[in-house]
Amino acid sequence: MADRSNRQVMHDRFDQIPVPRAAVAAAITRGVKAAPLPHRLRKQLLAAAAALMLGTAGLAAFNPVVGQAFDNAAWLSSFYLLHGDRDHFNTFHVTGVAKGLNQTVTSHGLTVHLTEAYYAGATVGVTGEITGMTAAQRHMNGEDELSLAVGDTGATPVSLVSSDFQATKTGYRFRLRYDVTAAPTPSALTLPLHVTHIGPVAGRWSFNLKLHQPAPVVTTLGQQGLATGAAGVTFTPLTMTTDAHGAALRYRMTVDRQRDEPVAEIVALKDAAGHDLIDRRDGLVVHDAGAVNTLPLKQALVSGQAYTVTFGYTPVGGQHDERVALTLVLVP
Amino acid sequence: MTLTAHELSLAKRAVRGDRTALERLLAGRGDYLYRTAYLYVGNEQDALECLQEATTQAVVAVRHLREPALFVTWFTRILIRQAQRVYTLRASETPTLAVGEQAPAPPADLEQHVDLLAAFTQLKAEYRQTLQLFYYQDLPIREISRLLNTPEATIKTRLRRGRAALKTILGGDYYG
């Protein structure tokens with residue numbers, strides 16, 4: 001053993017950990033079965049969607065924005081609500097933030113029709129429909145299951161982060177959500193959307209979507225770094241931004257370099273009534289110590305009003321988190 | 001982590017939506033994946049739950065994997081993030097868990113095996129995590145830094161201190 005590296009020694013020891021193979025296989029099987037199948041044919045949901053459309057059609061008479069949204073495609077809301085308005089597709093559809101599209105490309109017998117798109121804050125959503133698929137093409141793996149290969153977006157600063165599908169008689173409805181990776185987010189964006197495979201069919205379905213949104217309202221804040229009460233941790237609010245997607249507080253959290261590691265993060269931000277204003281609809285907000293972070297909020301903070309910011313941190317040498325609260329009054 | 005030709009074929013099918021292929025691919029690497037989760041969370045039940053949850057996440061996200069040859073590396077990242085969530089949750093529920101109270105029960109006849117694992121689980125949690133990612137997942141320091149959202153200098157400090165702590169527990173001549 002004298003001539004073996006530390007890495008090899010540790011690797012060999014770890015590889016001797018007993019493995020309950022039957023339980024591991026069962027866990028993997030359960031994990032696969034638990035995955036959602038939004039693209040599977042669900043006849044009962046199609047029937048429910050029809051009922052939803054009939055029930056909400058009356059709204060169009062009262063709200064011209066809703067009427068405009070419904071003009072785009074009758075199935076959009078029902079499709080979005082299959083997944084509980086994840087990624088805000090239905091909200092933007094109803095409020096009119098999403099704009100109707102009518103772009104179509106046919107290749108190798110399959111047609112991709114883009115129906116709607118939104119650009120709000122740092123997210124882009126695109127919805128469309130695929131038609132012309134045969135039963136054999138739709139029944140890959142013996143069931144309705146869509147595989148949609150989308151090519152690189154090149155220099156456009158976006159990243160495809162999620163997608164959902166619903167089967168139809170001749171193809172699929174789909175929606176794609178992108179995150180805009182540029183900061184600050186541009187008010188205008190051209191999204192190249194290149195589909196290279198639809199199920200087993202290779203082809204070329206290419207679009208260039210020109211998107212724009214009103215410039216966000218950004219208020220630069222005048223605070224210096226605020227001591228959080230956690231030893232060595234300073235919180236500096238930088239800007240308050242309001243856009244079509246909502247509001248966001250950009251801030252920097254710095255940590256004393258004498259510490260073992262930077263582990264402070266914002267766990268709650270409450271108004272005077274005790275309501276937590278952090279918007280967690282898009283999942284966990286991850287804090288990056290030393291860098292500028294963005295905290296999505298349900299509403300913009302108002303200068304002059306007091307808010308309670310709660311930080312969670314691990315003290316040096318500590319084994320678990322502590323909490324400390326700071327009263328924040330924004331200064332424009 | 002290089003895939004065999006058969007695994008690569010399964011990975012390509014998995015990316016195209018073949019869930020059976022994905023399941024077979026993960027099952028073939030089950031030992032490694034289980035040990036990865038186990039080293040992180042310290043007990044069989046949590047390790048299996050991490051593996052199950054990571055599998056579900058992978059099924060949903062695999063269609064966005066651009067290079068099927070990187071499937072195992074990609075899935076390992078998902079698994080480690082899931083294990084990190086579970087570890088953080090358990091640490092807040094059970095303060096003593098971070099010092100490795102739920103130690104594995106290695107076979108009694110593998111004395112060296114007992115030495116290292118028993119010592120490993122006695123390490124401070126941050127040292128244990130870093131050593132595992134460095135020595136078992138073979139991740140570079142930069143990758144560990146990104147995964148744990150911790151500066152590289154801190155990662156290096158943890159590696160150094162973790163190795164020193166292991167030597168203290170095991171005796172200075174452990175590494176031969």
Side-chain angles (χ1 to χ4, degrees), chain A residues 1-21 23-37 39 140-141 145-150 152 160-163 197 199-200 257 259-263 284 286-290 314 317 319-321, chain B residues 15-20 22-23 26-27 30-35 38-39 44 48-49 51-61 63-64 66 91-92 95-96 98-99 104 106-107 110 112-113 115-117 120 124-126 131-132 134-136 138 149-151 154 157-158 163 174-176:
Chain A
M1 187 186 297
D3 58 347
R4 285 201 289 172
S5 68
N6 293 345
R7 184 186 295 271
Q8 189 64 45
V9 167
M10 296 187 77
H11 222 288
D12 288 349
R13 291 299 180 268
F14 293 153
D15 276 342
Q16 292 173 31
I17 295 173
V19 177
R21 290 191 172 149
V24 168
I28 292 171
T29 299
R30 286 195 303 272
V32 171
K33 283 190 164 60
L37 296 171
H39 44 273
M140 187 173 70
N141 303 323
E145 191 153 349
L146 172 64
S147 173
L148 187 70
V150 179
D152 205 323
L160 179 63
V161 294
S162 69
S163 59
H197 282 80
R257 293 189 185 282
R259 291 174 56 83
D260 194 26
E261 59 183 273
V263 289
L284 183 67
V286 178
H287 160 76
D288 189 7
T314 302
Q319 297 295 336
H320 48 271
D321 278 1
Chain B
V15 171
R16 288 199 296 269
D18 187 337
R19 294 187 175 195
T20 301
L22 185 145
E23 186 174 341
L26 292 178
D31 287 4
Y32 165 75
L33 297 173
Y34 171 81
R35 288 176 178 133
Y38 184 91
L39 283 168
E44 177 178 316
L48 292 173
E49 287 184 10
L51 187 52
Q52 178 180 328
E53 178 58 31
T55 299
T56 302
Q57 294 173 24
V59 171
V60 174
R63 66 190 71 214
H64 302 306
R66 293 181 181 181
S92 65
T96 55
V99 297
L110 293 174
Q112 285 183 318
H113 173 64
D115 274 348
L116 178 60
L117 284 181
F120 193 73
K124 184 177 176 181
E126 290 82 357
L131 287 172
Q132 174 198 342
F134 187 76
Y135 285 109
Y136 194 56
D138 297 325
N149 196 25
T150 301
T154 305
T157 300
R158 290 182 187 177
R163 285 193 288 258
Y174 178 78
Y175 292 113

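A, B, ... follow the sequence lines: proteins, then strands. Residue 1 opens every chain.
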Quiz item: Between L39(B), L131(B), L51(B), which has the largest tally of heavy atom pairs under 4.5 Å with chain A?
Solution: L39(B)

Quiz item: Hey, what do you get for CG (L48(B)) to CD1 (I28(A)), rounding to the nearest 0.5 Å?
Solution: 9.5 Å

Quiz item: Any idea which heavy atoms bring E44(B) and P20(A) closest together, and the distance?
Solution: CD-CG, 3.8 Å

Exercise. Kindly compute the distance separating CD (E49(B)) from CZ (R30(A)), expressed to the nearest 0.5 Å.
Key: 8.5 Å

Practice problem: Check each atom of L26(B) against the heavy atoms of chain A and say whether the ones under 4.5 Å are side chain, backbone, both or neither. | Solution: both

Quiz item: side-chain hydrogen bond (donor to acceptor under 3.5 Å, both in side chains) with E53(B): which residues, sequence neighbours excluded?
Solution: Q57(B)

Practice problem: Return the minimal non-hydrogen interatomic distance between T56(B) and A34(A), and the atom names on each side. | Solution: OG1-CB, 3.7 Å

Practice problem: For the residue pair Y136(B) and F14(A), categorise the inter-ring angle as parallel (less than 30°), tilted (30 to 60°) or perpendicular (more than 60°). | Solution: perpendicular

Practice problem: Check each atom of F134(B) against the heavy atoms of chain A and say whether the ones under 4.5 Å are side chain, backbone, both or neither. | Solution: both

Practice problem: Only counting residues at least two apart or in another chain, list the ones meeting salt bridge (charged side-chain N to carboxylate O under 4.0 Å, His left out) with R21(A). | Solution: D31(B)

Self-check item: Part of L33(B) within contact of chain A (heavy atom distance under 4.5 Å)
Solution: neither

Practice problem: State, to 0.1 Å, how close H11(A) and D138(B) come at their nearest heavy-atom pair, and which atoms those are. | Solution: NE2-OD2, 3.4 Å

Quiz item: If you measure from CZ on R35(B) to CG on D15(A), what distance do you get to the nearest 0.5 Å?
Solution: 5.0 Å

